Number of protein chains: 2
Amino acid sequence: MRGDALAELAALLADRTRAEICLALLDGRAWTPGELAAHARVAPSTVSEHLNRLVAGGLLVRRTQGRHRYAQFASPGAAQLVEDLAAHADPAAERPSTLRAATAATALARGRTCYDHLAGRLGVGLADALIARGLLDDTAGFALTPAGTAWFAQELAFAPGPSRRPVARACLDWTERRSHLAGQAGAHLRTCFAERGWITGSGTGRAVRVTPQGRAALCDLLSATW
Amino acid sequence: MRGDALAELAALLADRTRAEICLALLDGRAWTPGELAAHARVAPSTVSEHLNRLVAGGLLVRRTQGRHRYAQFASPGAAQLVEDLAAHADPAAERPSTLRAATAATALARGRTCYDHLAGRLGVGLADALIARGLLDDTAGFALTPAGTAWFAQELAFAPGPSRRPVARACLDWTERRSHLAGQAGAHLRTCFAERGWITGSGTGRAVRVTPQGRAALCDLLSATW
DNA sequence: CGCACCCTTCGGCCGCGGCCGAAACGTCGT
DNA sequence: ACGACGTTTCGGCCGCGGCCGAAGGGTGCG
């Protein structure tokens, strides 16, 4: 293979600010340019240019939502690459990872929060189940069907608030590469499930675990199994 | 962790010439600056500076031998890092690797030639066995003991040639991170073993396999098992 | 012992690229 | 519709770093 390709890829991470950005993104969240600028202590315009390069290089993708343009990893492989490099660059930070991060990573992949809603395999699985039952329409983004609106109201006591925030919205999942449910309905799932004791935050991070009661309830409610 | 460390590591590979060097070194051989300069099409002085950076960064180590100063990877982990990056930079080149390179890599780690002598676990194991039997002295580099000289002459029909090349020399092994036997005696082991049918070159590369007869003979000769 | 060769260090040139501020664009909220 | 805000593009500055050629060691060979 040509060295140019390798050098080009490495150059993406060979800048302090871009490295800082990728390290921040390693938490799996999607960050806005403004957040990243504050985090890396540079001007927003600078971050914008860096994001352009990282996207062009295939490491990141952008998702535009209102006046925000979130950035996140393009693939688990890209994130993995950054993690490998970071581990080699700072072996000390790897130590606590060896066992803990491995389980933490699988826990995050299993289920986690994404801002205020549920993501990971749990989030994607929920969305799949809702679609399969005809409660969620995924033909153009995500939208609750009439049956879905009724179901949310009856089963989960959900009534859309007056906010302009969309009721249902598709949110691309980093680990699963598929969409999970965000928006008011997505946020309601999280709070409602937590109130009913169906899910618990496991550990300090954003990982989420389904309780035995939750497993039974969800199985009953959606014919879904976790 | 700080982004600086990650950026610094990535910067090592973020240059076309350095990337070319590392890619060349991926074959496990130790290259001279001159060879690398010809390979990368730059002046020797340029390569020299690049090697300085790569060594300072911990990716490479140098081994000086006569008027040559060979460069090779500092550790299997460093080589792995470059391979990971290269695979991500050029996924097409990865395809033939998936199965073949995996087995090839283990084959190389098991036994291979290093210029004209034996390396890998095979080479390191041979050196260990010779030391254990008091035939090879490793207190200051490698040197044949009187018993070793007699043993090489009797068992392997080895007589040192008139060349100025040292009879025994330690050669740092890339995969094993320990020394194997080079020099006239090391080269003789290889040719003699091959003549007797104890080893065969497996495949097109530099991988070497011990034949069943070789296994028995070596076990008999050195109480060593491969 | 001296020549030839390999490699390194040094000095200088040049271009790439990161940084910022100003200005343009689009979205949200009133 | 208008102002506020988040983001991007553009222009310009500056410094880092890759490149080479020349000069200076160290090693091997005759």
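Here is the naming used below: chain letters follow the sequence lines, and residue numbers restart at 1 for every chain. Values in this document were obtained by computation on a predicted structure and should not be read as measured data.
Atoms CH2 (B:W31) and P (C:dC6) sit 16 Å apart, rounded to a whole Å. Straight-line distance from the OH atom of A:Y70 to the P atom of D:dG6: 12 Å, rounded to whole Å. Distance CG (B:L54) to P (D:dG18): 10 Å, rounded to an integer number of Å.
Contact annotation: B:N52 does not reach the phosphate of C:dC7 (side-chain N/O to OP1 or OP2, under 4.0 Å). Residue A:H68 places none of its side-chain N or O atoms closer than 4.0 Å to OP1 or OP2 of C:dT27. The shortest distance between the side-chain N/O atoms of A:T32 and the OP1/OP2 oxygens of D:dG6 is not below 4.0 Å. Phosphate proximity of D:dG6 to A:R69: absent, as no side-chain N or O sits under 4.0 Å from OP1 or OP2.
A perpendicular orientation is assigned to the rings of A:F158 and A:F152, their planes being inclined by more than 60° (bins at 30° and 60°). Between B:F193 and B:W198, the ring-plane angle classifies as tilted under the 30° and 60° cut-offs.
Closest of all the heavy-atom pairs between B:L144 and B:A185 is CD1-CB, 4.4 Å. Looking at every heavy atom in both residues, A:A74 comes nearest to A:V61 through CB-CG1, 3.6 Å.
Side-chain proximity of A:P33 to the nucleotides D:dT8, C:dT9, D:dG18 is greatest for D:dT8. The side chain of B:R62 has C:dC7 as its nearest neighbour among C:dC7, D:dT7, D:dC19.
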Produce the list of close N/O pairs, under 3.5 Å, pairing protein atoms with atoms of nucleotides 23-26 of chain C; give distances to one decimal.
none

Dump every N/O contact between nucleotides 10-17 of chain C and the protein below 3.5 Å, one line per pair.
from: C:dC10; atom 1: N4; to: B:E49; atom 2: OE2; distance (Å): 3.1

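The pair B:E49-B:R53 does not count as a salt bridge, with every side-chain nitrogen at least 4.0 angstrom from each carboxylate oxygen.
Going from atom OG1 of B:T17 over to atom CZ of B:R41 covers 12.5 Å, rounded to the nearest 0.5 Å.
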